[in-house]
Amino acid sequence: MTCPVTGAGAPVPLSGPRFATEPTQLYREMRRDHGPVAPVLLDGDIPAWLVLGYRELHQVTGDPVLYSRDSELWNQWPNIPADWPLLPMIGHRQPSILYTVGERHTQRAAMIAHALEAVDPFELKAHAEQFADELIDRFCGKGSTEIVAEYAMLLPVRVLARIYGFSDEQGPGLVTAMNDMIDGRERALAGQQHLGGSMMRLIADKHTEPGQDVASYMLETQLAEDGSGFTDEEIAQDLMVMMAAGHQPTADWIGNSLRLMLTDDRFAASLFGGRHSVAEAMNEVLWEDTPTQNVAGRWASRDTQLGGRRINSGDLLLLGLAAANADPQVRTDGSALTGGNSAHFSFGHGEHRCPFPAQEVAEVIARTGIEVLLDRLPDLDLAVRADALTRRPSPWLRGLTDLPVSFTPTPTSAFGDSR
């Protein structure tokens, strides 16, 4: 096997409990031992680089020619088995926007932005409020619940499924498929296949009966007179990317923000209806506890140097978003950022960053979900010690396994009719 990290010190396995239990300390140690670019090993001892430094990550994401999104450049493909569990996260010959470069990427990004911009923001908020109320009605009379499984993990996909054009009944199956795919374990490929099949069926349905939804807006690009239209497969692939990127990180954004508000005295005093504190908590999470820790990735198009390391042509560079957000070279005082500073990497950077309309959709869903919950259950309190909370064992996405809470039982809302 060709190893891009020969001579760089012992590579760090990109797995294990420390990514869930103490990632900040782990990234600090990796930076101390390896500098801003660290050698790592993926499942099956596949070598890669993890970009830890803020400046280095800015450099990588800002140069799409040298650090390409084209995964076909990877020099490790001969060593990747067909059942490799990370294939859904590092696509091979996948015709989605994630791995498209150049002018075609620009066209596809414009298509997605156009479709998402067509979503009425007031309708989006109303959908989020309705589904939030429906979910809360399931447990509001009990006096306790588990927020992650019963609320945060269900809300984003239900809203996204509706604005994309799915029926409400299809939401739960999409949640299961996406969670399996994103976890990157034995069910990953099955989850990817379920999601892909669902998207192709949605596209077929919208050809027959288009509506005021994202899938139908995207299909309009097939009528482009200049020949730049997109195939059904391309649109389905991009819908998959949008659904996966829009659901799980948003669910974790809700969970991580609520954890902060329920465990930090700076936010506890304003839980009773305080709107500003919700926005501050959400922004602080994007800096300190970002749902997306690491992203795969970029591929070097030629031999180069980065952060004192020799990067070979075809090497995979993983984007260490969480590590870069905490880089002591740019966060010299180490204080929490709760104001309007949005120079974090949580939505990426450069031409492959999360599109601004997609960011706005995620923020509306997350903020509405938190606000409705706190409106309905104003004395919401953590039901366990803060140090008893655990994280999913993933180096990619950082979210809670559960968030048990207690509250005074309240009546249902009749699905938001009283709102």
Side-chain angles (χ1 to χ4, degrees), residues 1-16 19 26-27 29-102 104-105 184 292-324 327 329 345 348-353 395-396:
M1 179 190 299
T2 301
C3 180
V5 298
T6 300
V12 179
L14 202 71
S15 60
F19 284 98
L26 176 60
Y27 297 137
E29 293 173 6
M30 293 174 70
R31 188 180 287 108
R32 176 198 66 200
D33 296 340
H34 299 283
V37 181
V40 296
L41 294 175
L42 302 175
D43 289 42
D45 291 337
I46 301 298
W49 298 100
L50 180 62
V51 184
L52 303 164
Y54 188 98
R55 293 183 178 88
E56 288 75 15
L57 191 57
H58 196 278
Q59 181 179 347
V60 169
T61 54
D63 190 342
V65 176
L66 178 54
Y67 301 103
S68 175
R69 200 67 178 90
D70 182 3
S71 63
E72 299 309 302
L73 297 173
W74 199 12
N75 53 28
Q76 292 299 312
W77 281 124
N79 304 312
I80 303 299
D83 60 350
W84 196 50
L86 293 184
L87 277 177
M89 300 193 69
I90 305 176
H92 191 26
R93 300 188 179 96
Q94 185 191 104
S96 79
I97 189 173
L98 285 180
Y99 304 103
T100 305
V101 299
R104 193 59 170 173
H105 175 270
T292 305
Q293 286 194 80
N294 302 301
V295 173
R298 300 290 188 271
W299 287 266
S301 60
R302 58 174 171 79
D303 292 351
T304 188
Q305 296 279 332
L306 180 70
R309 300 294 190 187
R310 175 177 172 79
I311 309 298
N312 294 325
S313 177
D315 281 0
L316 167 60
L317 298 102
L318 306 175
L319 311 182
L321 308 186
D327 188 343
Q329 295 296 317
F345 277 107
H349 172 261
E351 66 178 43
H352 286 274
R353 69 175 294 153
W396 309 104

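Applying the side-chain contact (heavy atoms from CB on, under 4.5 Å) test between Leu318 and each of Val295, Val51, Leu42 identifies Leu42 as the sole match.
With contacts defined as side-chain heavy-atom distances shorter than 4.5 Å, the pair Leu52/Asp327 does not qualify. Put simply, the side chain of Gln76 reaches to within 4.5 Å of the side chain of Pro47, judged on heavy atoms. Leu86 places a side-chain heavy atom less than 4.5 Å from the side chain of Trp396. No side-chain heavy atom of Ile46 sits less than 4.5 Å from a side-chain heavy atom of Leu316. Between Leu306 and Gln59, the closest side-chain pair of non-hydrogen atoms falls below 4.5 Å. Residues His34 and Pro39 form a side-chain contact, since some pair of their non-hydrogen atoms from C-beta on lies under 4.5 Å apart.
With values rounded to the nearest 0.5 angstrom, Leu50 atom CG is found 9.5 Å from Arg31 atom CZ. To the nearest 0.5 Å, atoms CG (Leu87) and CG (Asp43) are separated by 10.5 Å. We find the CG-CG distance between Asn294 and Leu321 to be 7.0 Å, quoted to the nearest 0.5 Å.
Ala324 and Tyr54 make their closest contact through O-CD1, 3.3 Å (heavy atoms, listed as atom of the first residue, atom of the second, distance). Smallest separation of non-hydrogen atoms from His349 and Arg298: O-NH2, 4.4 Å. The two residues Ala38 and Met30 come nearest to each other via the heavy atoms CB-CE, 3.9 Å. Between Trp299 and Ser71 the shortest heavy-atom distance is CH2-CB, 3.6 Å. Of all heavy-atom pairs spanning Gly297 and Arg69, the tightest one is O-NH1, 3.1 Å. In terms of heavy atoms, Asp303 sits closest to Ser313 at OD1-N, 2.7 Å.
The side chain to side chain contact (heavy atoms under 4.5 Å, CB included) check on Thr304 picks up Leu66, Tyr67, Arg302, Ile311, with sequence neighbours excluded. Under the salt bridge (charged side-chain N to carboxylate O under 4.0 Å, His left out) criterion, Glu29 pairs with Arg18, not counting sequence neighbours. Annotation: ring pair (Phe, Tyr, Trp, His ring centres under 6.0 Å) contacts of Phe19 (sequence neighbours excluded): none.
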